[in-house]
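Here the structure is laid out as structure tokens; the discussion comes afterwards.
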Number of protein chains: 2
Amino acid sequence: MRRGRERLEAMLEGLRASGLRLTPQRVAICEVLATSRSHPTAYEIHRRLRRQFPTMSLATVYKTLDALVRLGLVSALGDAGDGMVHYDGDTEPHINLVCLSCHRVQDLEGVAVRALHRTVAARSGYALKGARLVYYGLCPECQRKAQTAASPEA
Amino acid sequence: MRRGRERLEAMLEGLRASGLRLTPQRVAICEVLATSRSHPTAYEIHRRLRRQFPTMSLATVYKTLDALVRLGLVSALGDAGDGMVHYDGDTEPHINLVCLSCHRVQDLEGVAVRALHRTVAARSGYALKGARLVYYGLCPECQRKAQTAASPEA
DNA sequence: ATGCATGCAAACTCTTTGCAAACGC
DNA sequence: GCGTTTGCAAAGAGTTTGCATGCAT
């Protein structure tokens, strides 16, 4: 994944530039965020890295995420109906889709929102740092499941 | 506020229609949500109603908010950098502005997002239930404060 | 060699739940 | 009057913090 590699470099460079150390744990966390399309939670990142770092603490994940968000290298998407904060390694404005049934989060490609971003910046007077464009609903798969469950006799 | 009155009626009707009782506490919570522009948290709603209902419990606020959100009568905006969930009595798709410094949330009027909503619905295949269009940054006021603090010698 | 980062565990905060008393319908 | 809702308190869950040890620079 080419795009992920670029993002990873940007994160590592950002950490380095702000004087933070590139520990193996931090690099691994950045890798997960840069290459994953799943918009993981802190807990999911921790779970995915436990094989590689059996002693890694959840606190380390949280501390690293906190640093990355503060540096603007990662976006905090907020919760997806599951009470946990999901993170997105892609800080370009784009649309996220949250399924209220399976709590999955995915990107919606091909819908441009740069123009919207510029409009908001111009009209709001805010110094924009980021955006969360999240649409909620039922993903196609969960729609099918809901339909099947609702009419099992059919 | 004309708009608020309509929203209030819609909430009360929605509660009634789903068989929930219109207790004074619930009506008051709906009033706060329908008429406020501040996108309050559960805690803020509770604080604002303590004069009127000295014994009102935070749990009641949470339970009522939960019902309203589940019925689609209120939107949960997620946190605004303060770790608390903010609620919005306006469920029409619109843009929220969050100030990362003072944690205020306001609406951005005059930017149409209906077309975006339709596009997302069409391209995603999701059965959309709602949206959170949140832009983060520093509000004009906090920008001034930051500038003053940064160059106090000027 | 220096001092920041990790990992553990305890603390914190927001939110949810259980249950008896109160109240809307 | 019946069954839901409230309010209290305690539990629950995610996240944060403090501190000694370990490691990146």
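Since the model is a prediction, treat every value here as computed from it, not as a measurement.
- Rounded to an integer number of Å, the gap from OH of A:Tyr62 to P of D:dG18 is 18 Å.
- Using a 4.0 Å cutoff on non-hydrogen atoms, no part of residues 65-74 of chain B comes near DNA chain C.
- Annotation: side chain of B:His39 is not in contact with side chain of B:Tyr87 (no heavy-atom distance under 4.5 Å).
- Whole-Å rounding puts the B:Arg50 CZ to D:dC8 C1' distance at 12 Å.
- Looking at A:Ile45 and A:Leu65, their side chains come closer than 4.5 Å, going by heavy atoms from C-beta outward.
- We find that B:Glu44 and B:Arg48 are not joined by a salt bridge, their nearest charged nitrogen and carboxylate oxygen being 4.0 Å or further apart.
- When the P atom of D:dG14 is taken as reference, atom NE2 of A:His86 falls 11 Å away, rounded to whole Å.
- Cluster membership for A:Leu77 and A:Leu68, using ILVMFWY side-chain heavy atoms within less than 4.5 angstrom, is not shared.
- Rounded to whole Å, the distance from NE2 on A:His46 to C1' on D:dT15 is 14 Å.
- The two atoms that bring B:Arg114 and B:Pro93 nearest to each other are CD-CG, 4.3 Å, heavy atoms only.
- When atom types are taken as modelled, the side chain of A:Gln52 and the backbone of A:Leu49 share no donor-acceptor pair closer than 3.5 angstrom.
- Spacing between atom CZ of B:Arg16 and atom C1' of D:dT4 amounts to 17 Å, rounded to whole angstrom units.
- By the side-chain contact (heavy atoms from CB on, under 4.5 Å) test, A:Ser75 pairs with A:Asp88, A:Thr91, sequence neighbours left out.
- Residue A:Leu58 contributes atom CG, which lies 16 Å from atom P of C:dA10 at whole-angstrom precision.
- Here B:Val111 sits in one hydrophobic cluster together with A:Ile95, A:Leu97, A:Leu108, A:Val111, A:Val113, A:Leu116, A:Val120, A:Tyr126, A:Leu128, A:Leu133, A:Tyr135, B:Ile95, B:Leu97, B:Leu108, B:Val113, B:Leu116, B:Val120, B:Tyr126, B:Leu128, B:Leu133, B:Tyr135; the rule is ILVMFWY side chains under 4.5 Å apart, joined directly or through other members.
- Rounded to 10 degrees, the angle separating the terminal helix axes of the helix from C:dA1-D:dT25 to C:dC25-D:dG1, each built from five base pairs, is 50°.
- Judged purely by atom type and a 3.5 angstrom limit, A:Arg21 has no side-chain atom pairing as donor or acceptor with the backbone of A:Leu15.
- Atom CG in B:Leu22 sits about 17 Å away from atom P in C:dC23, given to the nearest Å.
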Nucleic acid footprint by protein, nucleotides 2-8 of chain C - heavy-atom cut-off 4.0 Å, B for base, S for sugar-phosphate alone: -BBSBBB

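- In this structure B:Gln143 satisfies the side-chain hydrogen bond (donor to acceptor under 3.5 Å, both in side chains) test with no other residue, sequence neighbours excluded.
- Protein atom OH of B:Tyr87 is 13 Å distant from nucleotide atom P of C:dC14, rounded to whole Å.
- Using a 4.0 Å cut-off between charged nitrogen and carboxylate oxygen, A:Arg37 and A:Glu109 count as a salt-bridge pair.
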